[in-house]
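Below is one structure, written out as structure tokens, with a few remarks after it.
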Amino acid sequence: MGISRRKFIGCLGALALGPAMGIPGTARGASNKEFAGWPGSLGVLHDITKCIGCRKCESACHRVNNLPDPETSFEDLNVLDQKRRTGADVFTVVNRVDNTSPVFIKTQCNHCLEPACASACFVNALKKTPEGAVVYNEKLCVGCRYCMVACPFNIPAYEYHKALAPRVTKCTMCHPRMLEGKRPGCVEDCPAGALISGTRDELLAYAWDRIRTYPERYVPHVYGQHEMGGTSWLYLSGLPFSRVGMREDLGTKSAPELTAGPLSAVPVVVGLWPVLLTGVYAISKRKEKIAEQEKQAAVADAVDQSRKEAQNRMETLRKKWDQEKQSAINFEVKKALEEAAVKASEPSQTKEDE
Amino acid sequence: MTDNGGQNVRKLWTPFNVIVGIILAAGAVLTVMRFTQGIGAVTNLDNNNPWGLWIGFDLLCGVALAAGGYVTSAACYIFGLKRYHSAVRPAILTAFLGYALVVLALHYDVGRPWRLPYPIFVSQGTSSLLFEVGLCVFLYLTVLFIEFTPAAFEWLGFKKIRALVVKLTLILTIFGVVLSTLHQSSLGALFMIAPSKLHPLWYSSYLPVYFFISSMFAGMSMVIFESTLAHRYLSRHMDDTHHQEAPGVALGFAKAAAFVMAGYLGIKLIGIAIDDHWRLLATGWGVWYLVEVIGFVAFPAFLFAMGVRERNLIFVRWAAAWTVLGIVLNRLNISVIAFNYHLPSHERYIPSLMEIGTSVFIVTLGIVIYRFITTRMPVLHEHPDYSTHSPGQERT
Amino acid sequence: MNTLFFTLQDFMVHTKGITYLIMGGLLVALPLFWWFLTDRDDENETWRQ
Ligand code: SF4
Ligand code: SF4
Ligand code: SF4
């Protein structure tokens with residue numbers, strides 16, 4: 001199903017883009033590529049091998065996003081030993097891969113090219129912007145948390161303890177700063193050069209360049225290039241990605257592709273179900289009508305039958321009666337004749353009788 | 001309850017009333033807590049486990065078990081099986097209450113319940129299957145409400161408007177089936193977006209089909225189950241027609257459910273084959289999967305079949321209750337138990353007592369309203385003024 | 001109709017939005033057409049050839 005689905009969507013895409021391709025200036029030459037994402041959109045490359053676990057990015061993130069200070073200060077590097085995840089007021093965390101190794105990894109929203117969270121949101125509260133960031137609009141959010149169910153990276157968090165206006169929270173890729181032409185807070189504050197921002201295309205090219213130049217230093221894989229349809233946040237690592245706690249079993253199918261099948265079945269059901277059901281209804285109705293007619297016919301038959309029987313009986317009766325009458329007449333006649341014969345001897349008397 | 005007949009109905013301190021009273025009081029406390037201190041104060045939900053019992057049980061099971069409404073009305077009005085007529089009203093009522101309670105439960109679960117109309121009226125996230133579910137549940141609740149109004153109108157004595165609604169029966173029934181097909185299946189499709197979180201034995205591209213097909217036998221079993229309970233406790237509100245037709249309805253639905261379950265088992269098997277997951281059956285999760293599929297689908301299907309062959313209503317009733325349990329198990333497996341199966345055990349979700357309490361509260365509320373309505377409106381019996389069953393007609 | 005889409009996600013929101021409208025239309029149109037189709041069924045059982 002997978003392949004044909006992709007092809008199908010590709011065709012749809014080509015159809016939709018067909019007219020647009022003639023317009024000069026649109027960079028939509030690559031016709032066979034379905035949806036390549038916003039051209040020139042930005043991203044960040046995280047080189048795990050360079051990360052020193054200083055948590056400067058975490059504190060920068062809190063600063064630029066006006067997040068409340070955490071219980072333990074950012075100077076306290078002991079927290080690196082616990083496995084942490086993003087939370088209601090923590091957009092990014094740095095984790096030590098395991099207690100002994102000096103490898104650290106920063107986690108935040110990956111700003112997917114085809115975000116599962118946006119695909120899941122039933123009010124479009126999450127959106128992929130042309131700049132590359134996936135941003136959240138709290139004015140629309142209902143708080144169903146389906147985005148959290150959908151996100152393959154377990155990123156969005158929820159303000160479970162707010163009664164009145166709880167929000168979904170996650171890294172914004174510093175979208176407001178981006179619009180001002182500034183770099184994300186965490187990137188700006190990284191002292192080790194483990195975070196670089198730029199257009200996604202540039203970053204991809206750079207990442208592969210690094211892998212080619214230092215093959216002994218990196219695994220030949222840029223995480224985020226294809227995962228779940230690709231992400232704007234990319235990763236380079238010296239250890240296999242599953243060893244640094246990133247899932248390698250996500251596949252390359254993007255979220256909207258996963259749901260396209262059932263979604264396209266919906267209109268077909270609406271189109272055909274009423275037709276089928278009305279058909280079934282009409283057939284059962286027709287059967288009922290025929291049954292009714294047959295019943296009536298049977299009743300009529302029965303009535304006919306009984307009428308005929310009655311007639312027959314009448315006929316026989318009449319015949320019988322006729323016979324009896326006849327025989328009575330005959331008898332009378334005979335009697336009369338006999339009498340006449342008797343009386344013939346005395347003609348005068350007979351005349352008197354008449 | 002049974003010995004409670006006649007005049008004693010209004011007696012206040014029956015065990016039923018006391019238990020219900022306690023549950024409703026606890027529910028009121030939980031409600032206040034939920035809406036003053038937030039979801040986090042009453043649930044064990046966290047950022048890794050955003051959906052818990054309120055979605056897994058209240059939404060998924062609630063909707064599946066309310067499927068009796070569309071199944072029964074389709075059998076009676078579309079397929080022309082007139083002998084199910086007396087089962088339609090109770091089924092529609094259960095469905096309506098079921099959906100109403102689902103929506104009520106959603107008010108507890110979502111963060112900003114006053115925005116629940118947003119997906120329909122403010123910003124349509126059409127790429128989401130949840131949008132589809134929301135739209136259909138909203139429309140279907142409306143359809144069920146209209147379908148149920150004749151009973152209320154008869155009770156109130158509004159003849160003209162009742163006649164108008166009765167004319168719409170067929171079209172409402174068809175809408176109901178279309179909408180049910182859509183949202184029953186879409187509830188399964190909700191999980192298709194998360195292949196990396198749901199255990200592969202439960203994740204399948206057939207999820208929407210599984211949900212739809214299982215909703216059919218869930219609905220039928222629920223009709224049987226509910227009628228068993230109603231016969232026990234609300235018998236005096238039933239008329240002769242209802243009493244006479246009930247065994248036929250139970251046997252008919254038992255037969256249908258058993259066969260649909262056989263088909264369901266078939267497509268489950270095909271699902272395993274198509275993804276080549278045979279190997280997984282030998283794991284711990286596989287055993288659990290087999291418990292669900294064999295213990296709670298194949299076994300009750302067989303029990304149904306025995307009940308039908310022997311014309312044994314006791315078998316049928318047990319099978320129905322067992323199937324209902326199986327549906328609950330299946331929905332919980334998909335939304336809670338086998339969901340996030342990959343997380344270490346301390347990150348897994350176990351519902352809090354207060355969450356369970358809230359679910360119990362909502363179910364209890366449903367039972368109380370059901371009882372209130374069936375003891376007053378013509379649901380389990382026909383209103384003498386509007387009888388469709390002149391004696392000797394349309395009987396089998 | 002000529003909107004240019006860069007993500008499948010936006011494309012889906014757009015196209016599904018239109019299909020939902022069509023679905024609504026179908027749900028109204030199909031019953032009406034059925035009514036038109038069967039309205040005169042009961043009149044008589046003769047036909048023109
Ligand atoms: S990583 Fe998760 S939250 Fe971020 S864009 Fe992707 S799906 Fe959305
Ligand atoms: S929680 Fe808010 S942002 Fe997330 S899917 Fe629901 S409505 Fe959309
Ligand atoms: S991009 Fe901005 S919001 Fe995201 S982690 Fe960095 S500083 Fe925080």
Side-chain angles (χ1 to χ4, degrees), chain A residues 1-2 85-88 116 118-125 140-152 154 156-168 228 247 249-251 253 255-256 258-259 261-263 265-266 269-270 273-274 277-278 280-281 283-285 287-288, chain B residues 34-41 43 45-48 50-51 55 74 77-81 106 109-113 115-116 118-119 122-134 170 173-175 177-178 181-182 185-186 188-197 205 207-208 339 342:
Chain A
M1 169 165 167
R85 59 152 286 163
T86 53
S119 174
C121 181
F122 67 162
V123 286
N124 287 330
L140 292 176
C141 176
V142 181
C144 66
R145 307 188 297 286
Y146 187 29
C147 49
M148 299 167 68
V149 169
C151 173
N154 271 348
Y158 200 64
E159 298 179 317
Y160 284 107
H161 287 280
K162 279 201 185 162
L164 280 183
R167 291 170 303 174
V168 170
M228 286 300 281
R247 295 190 66 170
D249 57 350
L250 297 178
K253 230 187 203 182
L258 289 168
T259 53
L263 272 177
V266 168
V269 169
V270 173
W273 239 218
L277 294 172
T278 314
V280 170
Y281 164 78
I283 291 170
S284 80
K285 194 84 191 161
K287 267 197 188 142
E288 226 170 74
Chain B
R34 153 69 185 89
F35 287 103
T36 53
Q37 294 168 46
I39 302 170
T43 68
L45 296 174
D46 60 34
N47 291 327
N48 285 331
W51 281 359
I55 294 291
Y77 297 126
I78 297 180
F79 292 85
L81 303 170
L106 284 180
D109 186 74
V110 306
R112 307 194 200 197
R115 284 186 178 173
L116 276 171
Y118 271 31
V122 178
S123 173
Q124 294 78 18
T126 50
S127 65
S128 169
L129 279 152
L130 195 60
F131 170 78
E132 210 274 321
V133 171
L170 177 66
T173 307
I174 292 183
F175 273 23
V177 177
V178 171
T181 312
L182 291 180
S185 58
S186 292
L190 282 183
F191 294 91
M192 287 188 64
I193 204 166
S196 58
K197 296 188 184 177
S205 48
L207 262 180
F339 190 81
H342 59 288

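We use all heavy atoms of the structure for the numbers below, so side chains are in, but hydrogens, waters and symmetry mates are not. Keep in mind the model is a prediction, meaning the values are calculated, not measured. A, B, ... follow the sequence lines: proteins, then strands. Residue 1 opens every chain.
Within the model, atoms CZ of A:Phe122 and CD of B:Gln124 stand 11.5 Å from one another, a figure rounded to the nearest 0.5 Å. The CH2 atom of A:Trp273 sits 5.5 Å away from the OG1 atom of B:Thr181 when rounded to the nearest 0.5 Å.
Contacts of B:Leu190 with chain A are made by both backbone and side-chain atoms, with heavy-atom separations under 4.5 Å. Residue contact with chain B, scored on non-hydrogen atoms closer than 4.5 Å, is absent for A:Ala125. Using a 4.5 Å cut-off between heavy atoms, B:Phe175 makes no contact with chain A at all. Proximity to chain B (any heavy atom under 4.5 Å) is shown, for A:Ala265, by neither the backbone nor the side chain. Heavy atoms closer than 4.5 Å to chain B are found in both the backbone and the side chain of A:Cys144. For B:Ser185, no part lies under 4.5 angstrom from a heavy atom of chain A. Only the side chain of B:Glu132 comes within contact range of chain A, judged by heavy atoms closer than 4.5 Å. A:Thr278 touches chain B through backbone and side chain together, each having a heavy atom under 4.5 Å away.
Using a 4.5 Å cut-off on side-chain heavy atoms (C-beta onward), B:Phe79 and A:Ser284 make no contact. Side-chain atoms of B:Arg115 and B:Val110, non-hydrogen and from C-beta on, never get closer than 4.5 Å to each other. Side-chain contact between B:Met192 and B:Pro208: present, with at least one pair of heavy atoms (C-beta onward) separated by less than 4.5 Å. Inter-residue side-chain proximity for B:Ile174 and B:Ile78 is flagged as met; some heavy-atom pair is nearer than 4.5 Å.
Here A:Cys121 is the residue among A:Ala255, A:Cys121, A:Pro152 with the most heavy-atom pairs under 4.5 Å with chain B. By number of non-hydrogen pairs under 4.5 angstrom with chain B, the leading residue of A:Leu164, A:Ile283, A:Val168, A:Thr86 is A:Leu164. With chain B as partner, the option from A:Asp249, A:Val270, A:Thr259 having the largest number of non-hydrogen pairs under 4.5 angstrom is A:Thr259. Options B:Asp109, B:Thr36, B:Val122 differ in how many heavy-atom pairs under 4.5 Å they form with chain A, and the most are formed by B:Asp109. In terms of heavy-atom pairs under 4.5 angstrom with chain A, the leader among B:Gly38, B:Ser123, B:Ala194 is B:Ser123. Residue with the most contacts toward chain B among A:Cys141, A:Pro274, A:Cys147, A:Cys151: A:Cys141 (heavy-atom pairs, distance under 4.5 Å).
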message = As a quick check of understanding, evaluate side chain to side chain donor-acceptor pair (under 3.5 Å) for B:Asn48 and A:Arg85, giving each step before the final call.
response = CA-CA 9 Å; B:Asn48 285 331; A:Arg85 59 152 286 163; 2.5 Å; yes
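Checked against side-chain hydrogen bond (donor to acceptor under 3.5 Å, both in side chains), B:Ser128 has no partners two or more places apart in sequence or in another chain.
The aromatic rings of B:Trp51 and A:Tyr146 sit parallel, their planes meeting at an angle under 30°, below the 60° perpendicular limit.
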